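Sequence lines set the chain letters: A, B, ... in the order given, protein chains first and strands last, and positions in each chain run from 1. Owing to the predicted nature of the structure, the values given are computational and were not obtained by experimental measurement.
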Amino acid sequence: MECVFGLVGNGFAVVVADTSAVHSILVHKPNEDKILLLDSHKLMGASGEPGDRIQFTEYIQKNMSLYQFRNGIPLTTAAAANFTRGELASALRKNPYHVNILLAGYDKETGPSLYYIDYIATLHKVDKAAFGYGSYFSLAMMDRHYHSGMSLEEAIDLVDKCITEIRSRLVVAPPNFVIKIVDKDGAREYAWRETVKDAPIPSA
Amino acid sequence: MKLDTSGLESTAPLFGANTVLFDGFKDVPSFDVPKTNDFDGFQKEAIQMVKPAKGTTTLAFIFKEGVIVAADSRASMGGYISSQSVKKIIEINPYMLGTMAGGAADCQFWHRNLGIKCRLHELANKRRISVTGASKLLANILYSYRGMGLSVGTMIAGWDETGPGLYYVDSEGGRLKGTRFSVGSGSPYAYGVLDSGYRYDMSVQEAAELARRSIYHATFRDGASGGVASVYYVGPSGWKKLSGDDVGELHYNYYPVLPSTVEQEMTES
């Protein structure tokens with residue numbers, strides 16, 4: 001099952017997601033990127049039904065671009081999180097989206113932040129959060145080892161601890177993970193943690 | 001058959017003290033066996049639940065020279081084989097192919113509809129639509145019908161300005177970009193042969209043989225796949241059908257019947 005987790009450190013936020021695209025017992029794709037770059041300083045890691053996940057996150061991404069075009073300034077992370085929650089909430093009693101979201105962002109005024117948005121439109125601003133079966137292992141790990149103001153090395157070390165724990169204890173553990181961070185220099189991919197590599201395509 | 005559970009019942013107290021704490025533990029722990037005749041039916045149900053539902057085998061993969069698309073040709077309704085000659089590779093336009101898995105009518109209709117939309121795009125924009133664009137069009141349409149019972153598991157394969165493209169699109173709204181996919185009830189079997197034999201730099205003939213072999217092995221093990229293994233190739237100048245072999249004949253090609261030594265001959269004496 002899909003594992004997404006994240007935490008806030010000293011001047012940055014990190015989001016980690018597994019990269020298996022699964023259909024019942026089949027893994028259709030081992031390197032599917034589930035963390036979307038919403039804009040230059042925001043990341044949205046999503047897990048849930050595949051159609052909903054892509055359609056909803058792209059919808060949020062396009063609406064954020066639209067706001068930026070219309071108003072000349074980008075949304076803050078809090079505003080983006082509340083907009084996302086609002087969209088989930090309005091659809092909830094009609095045509096619900098089955099997506100769980102971790103939204104991480106960096107604002108110049110307020111620094112890094114992480115928002116937990118449930119598929120039933122719960123919204124919480126948090127320091128650390130996790131979704132999926134992996135959360136059973138990563139939440140306790142993070143509770144034990146997290147402290148506010150962690151450096152990047154400490155945070156990545158904690159992330160690796162969580163990934164190792166998920167890999168060793170979860171019966172259907174996903175083999176590959178992607179780590180993305182967002183800080184004052186923007187949102188970007190940090191690293192992949194792969195144990196199963198796809199057949200290599202030699203570059204030209 | 002009623003199980004003999006007399007061994008599980010016991011009236012001897014496990015703990016000596018009869019205090020309030022131990023009230024629940026007076027007897028040896030025993031449990032009620034469910035009253036049912038079919039103890040193991042749940043196993044069959046579990047297997048049915050995880051088995052991919054769409055009765056077919058289709059596959060496609062990108063390699064150095066382009067894209068290979070292959071499929072079987074059996075249509076089944078439960079245990080009845082309704083046809084052995086279904087065209088499961090649909091020609092959307094001269095440079096794009098779609099595969100059919102799931103409801104035949106759904107796949108045929110929506111692929112035809114996609115072909116129309118692609119042509120309209122060409123007329124409106126004076127250039128061919130990319131494989132990315134075509135697959136997104138189809139994915140959005142299928143997403144809007146989500147939950148209404150459409151059954152489509154398709155791969156869109158084509159060659160556009162950026163080179164070979166392959167997308168998996170299904171009726172739950174999922175859309176995946178990739179280099180190797182197999183869809184249908186025979187797909188786990190096909191994946192095994194495809195994954196182990198795959199190399200990026202293969203010739204067209206080698207790739208076609210890999211595809212043919214994967215389909216054959218899937219039809220061998222999966223009852224809902226069979227008929228004719230068709231293999232198509234999509235290159236820079238469009239698609240081309242490479243072969244269509246009956247899987248029964250392929251079986252004897254790969255595993256010919258060798259005359260075995262006769263140990264004891266029956267003679268007329």
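Within the 3.5 Å criterion, the main-chain N or O of Lys177(B) finds a donor-acceptor partner in the side chain of Lys29(A).
For the atom pair CG (Leu176(B)) and CG (Asn31(A)), the distance works out to 10.0 Å, reported to the nearest 0.5 Å.
Residues Lys136(B) and Glu58(A) are in side-chain contact: their nearest non-hydrogen atoms beyond the backbone lie under 4.5 Å apart.
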Handout entry: Residue pair Glu32(A), Arg175(B): steps toward the salt bridge (Lys or Arg N to Asp or Glu O under 4.0 Å) verdict
Key = CA-CA 11 Å; Glu32(A) 166 81 350; Arg175(B) 173 173 167 268; over 6 Å; no
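Nearest heavy-atom pair, Phe181(B) versus His28(A), reported as atom, atom and distance to 0.1 Å: CE2-O, 3.5 Å. Across Leu26(A) and Pro188(B), no two heavy atoms sit closer than the pair CD2-CA, 4.2 Å. Closest non-hydrogen pair, Gly174(B) versus Pro50(A), comes out as CA-CB, 4.1 Å.
The parts of Asp52(A) that come within reach of chain B are both its backbone and its side chain, each placing non-hydrogen atoms under 4.5 angstrom from that chain. With a threshold of 4.5 angstrom between heavy atoms, Phe63(B) does not approach chain A through any atom at all. No part of Lys64(B) comes within reach of chain A, as not one of its non-hydrogen atoms sits under 4.5 angstrom from that chain. Proximity to chain A (any heavy atom under 4.5 Å) is shown, for Ser171(B), by neither the backbone nor the side chain.
Of residues 138-149 of chain B, those residues lying under 4.5 Å from chain A by any heavy-atom pair are Ala139(B), Asn140(B), Tyr143(B), Arg146(B).
Around OH of Tyr133(A), the count of heavy atoms belonging to other residues, nucleotides or ligands within 6.0 Å does not exceed 12. The environment of CZ in Arg188(A) is crowded: more than 12 heavy-atom neighbours from other residues, nucleotides or ligands sit within 6.0 Å. Shown here is Lys125(A), whose NZ atom has more than 12 heavy atoms of other residues, nucleotides or ligands within 6.0 Å.
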